[in-house]
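What follows is a short report on a single structure.
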Amino acid sequence: IFNVRLLYFTFLNHMIGLQIRLQAQKMLLIRWEEERSTDGSKWRFLEHKGPVFAPPYEPLPDKVKFYYDGKLMKLAAPAEEVATFFAKMLDHEYTTKDVFRKNFFKDWRKEMTSEEKSKITDLNKCNFAGMNEYFKAQSEARKQMSKEEKQKIKEDNERILQEYGFCIMDNHKERIGNFRIEPPGLFRGRGDHPKMGMLKRRIRPEDIIINCSKDSKHPKPPPGTKWKEVRHDNKVTWLASWTENIQGSIKYIMLNPSSRIKGEKDWQKYETARRLKKCVDRIRNQYREDWKSKEMRIRQRAVALYFIDKLALRAGNEKEEGETADTVGCCSLRVEHINLYPKLDDQEYVVEFDFLGKDSIRYYNRIPVEKRVFKNLQLFLENKQPGDDLFDRLNTSILNKHLQELMDGLTAKVFRTYNASITLQQQLKELSCSDDSVPAKILSYNRANRAVAILCNHQRAPPKTFEKSMQNLQTKIDEKQKQLSAARKQLKAAKAEHKASHDDKSKKAVEVKRKAVQRIEEQLMKLQVQATDREENKQIALGTSKLNYLDPRISVAWCKKFGIPIEKIYNKTQREKFAWAIDMAEKDFEF
DNA sequence: CTACTGACTTGTTTCCATTCCT
DNA sequence: AGGAATGGAAACAAGTCAGTAG
């Protein structure tokens, strides 16, 4: 069914080549489209310029001093470069952490000359203050640059973007997502990461694998260098890749979310979630039955699935111990992550979750469950230590195999997509009121979005300036209120005046004043809505769910139905990413 | 079944430009 | 004009999940 997608994307993309050639290629394209579903190719033609490398290291001017144990020391370029990474971060909490310091020092020493190595043996005796000040001054100087200089830099960036930021994939010019190679630096893991502070090494052309089509103009490596490899694999979507040295994992250069290949995949994702909608009742009945199974593994599978469905937990793959921060998802929950309360306050069978999830974000929730789930959990906990797996007979692979049998294409994460999107749709239905003003409708939309963000546990730290900005807004509101009462008084006076004189001039004055009151009322309302929205959003991040979990067609349909311009809901990038949905969805779209 | 790899999505943080406010 | 606040984009880390080898 995705073969019809061409219709939706043609308008987006710039055609290249001559009309006749184009015609011929179109025919080929359609034929290829039909083949594609069976052989899994992602493209036929791919041409790009390769990645942009980080600028080479520029040694510090001599006036920048580094002291070891109080004594001035000039470092050779390799060690100096790594030292600057640390010096730049001096204000960051990271540099006070033991693990960070230890890892940094170990990797730094590897870059030193043997002389440096023998002298520098204690990080505590290193004084990076001079370097730190230098970089602060540099960034200050950058801010102070003249308009012309800033303009020049902007133009240079634009030129690089135009040259390297686009590729051609099957007749379409497409934006590349990340065409710049990550510069070297110190690895900053999230949470309690055992590898924080390690040196992320510089990536050279010799590390890069290029992927493009055979019949394309191949990207040229920088003068005097070679690519690691040039391959022509059209079963994958990436343009270039390299192996990163911290975890040994592969990094990719891929297309922007606005591209056909990403948009299509996104669409597909929501179609899978919509198929789940059709059979979710059956699946729910199934797992409720499975709570009674004779087999432990089936009961565990069923309880885990219940959590994934009800709480929108992630699947929870196993991770290699000591390689990453200790975080879990559903299948990897441990005994220590839950508490059971047969009775809590006025509720029965309460499960308390407290664990670190993706990015070491804390998930804390107390939730009453059905008696059968509770009893099962008690059973799973029997004879276990806090560090043992809650679901010892289950992992994500087993779970996903089971899900695959229940519905084609079903995996654990589909539940998150499904529950997020269906929640948005329900909430929008419940909260929107066609009589509301535009700002009030948008508040309703944000509230619906918020319900989803809470479900998915998308938190944020309250912005540092939150209290202050709230206060500012409140002062504005107070002022508006004063303005309003003043305007009302004036209106009243004008009315009285008109009553007395009954002339045209005073009638006009009444109208003018009435308008003024109305305008101020509107402004006040807008401010109040804004304050509510901001307050409710204090600890909640809407972006992630909006971008990754909510079927954009729901939002597009809602906008059409309630006469809200789409720009009020999606900014420019978001509109590009969701172009397929904006084009496709009518006001009666149902997820 | 486990371990491991590869490709791709999802997530937060940081940086930067624009807007807002004085 | 200039500085603070804000929102968006870039950067890049951290997940999911399928496939393969042993």
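Note that the structure is predicted; figures quoted are calculated from it, not measured. All values below were derived from every heavy atom in this structure, side-chain atoms included, with hydrogens, water molecules and symmetry-related copies excluded. First the proteins, then the strands, lettered A, B, ... as listed; each starts at 1.
- Not a single donor-acceptor pair, N or O on each side, falls under 3.5 Å between the base of C/dT16 and the side chain of A/R314.
- A/Y445 and A/S555 are linked by a side-chain donor-acceptor pair at a separation below 3.5 angstrom, with hydrogens and angles left out of the test.
- Note on A/S360: every side-chain N or O is 4.0 Å or more away from OP1 and OP2 of C/dA14.
- Judged by closest nucleotide on DNA chain C, A/F179 is the one of A/F179 and A/G191 placed further toward the 5' end.
- A/G177 comes within contact range of no nucleotide atom at all, as no heavy-atom separation falls under 4.0 Å.
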Would you give me the side-chain donor-acceptor pairs under 3.5 Å for residues 403-415 of chain A, sequence neighbours excluded?
unit_1, atom_1, unit_2, atom_2, d
A/Q404, OE1, A/G409, N, 2.8

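- When only modelled atom types and interatomic distance are considered, A/Y134 and A/N132 share no side-chain donor-acceptor pair under 3.5 Å.
- Heavy atoms of A/A325 sit nowhere under 4.0 angstrom from any nucleic acid atom.
- Within 4.0 Å of A/T327, counting heavy atoms only, lie sugar-phosphate atoms of the nucleic acid but no base atom.
- For B/dT12, the OP1/OP2 oxygens have a side-chain nitrogen or oxygen of A/T544 closer than 4.0 Å.
- Counting non-hydrogen atoms under 4.0 angstrom, A/P257 reaches nothing in the nucleic acid.
- Residue A/K401 is classed as having no contact, given no heavy-atom separation below 4.0 Å to the nucleic acid.
- At the heavy-atom level, A/T396 lies nowhere under 4.0 Å from the strands shown.
- Checked by distance alone, A/K358 brings a side-chain donor or acceptor within 3.5 Å of a matching partner on the base of B/dT10.
- Backbone-only contact: A/K265 has heavy atoms under 4.0 Å from sugar-phosphate atoms and none from a base.
- Across all strands, A/N317 comes closer than 4.0 Å to base atoms (heavy-atom distances).
- In this structure, A/R575 reaches neither bases nor backbone, as no heavy-atom distance under 4.0 Å exists between it and the strands shown.
- As judged by a 4.0 angstrom heavy-atom cut-off over every strand, A/T411 is placed among residues touching the sugar-phosphate backbone only.
- Nucleic acid contact class of A/G543 (heavy atoms, under 4.0 Å, all strands): none.
- A donor atom on one side chain and an acceptor atom on the other are found under 3.5 Å apart for A/R416 and A/Y549.
- Regarding contacts with the backbone of B/dG6, every side-chain N or O of A/R231 stays at 4.0 angstrom or more from both OP1 and OP2.
- Across the protein-nucleic acid pair, A/K136 atom NZ and B/dC15 atom P stand 13 Å apart, rounded to whole Å.
- We find the CG-OG distance between A/N211 and A/S241 to be 8.0 Å, quoted to the nearest 0.5 Å.
- C/dA13 atom P lies 13 Å from atom CE of A/M196, rounded to whole Å.
- Among the atoms of the strands shown, only primed sugar atoms or phosphate atoms (P, OP1, OP2) are found under 4.0 Å from some heavy atom of A/Y549.
- Nearest-nucleotide assignment on DNA chain C puts the 5′-proximal partner with A/K251, out of A/K251 and A/A315.
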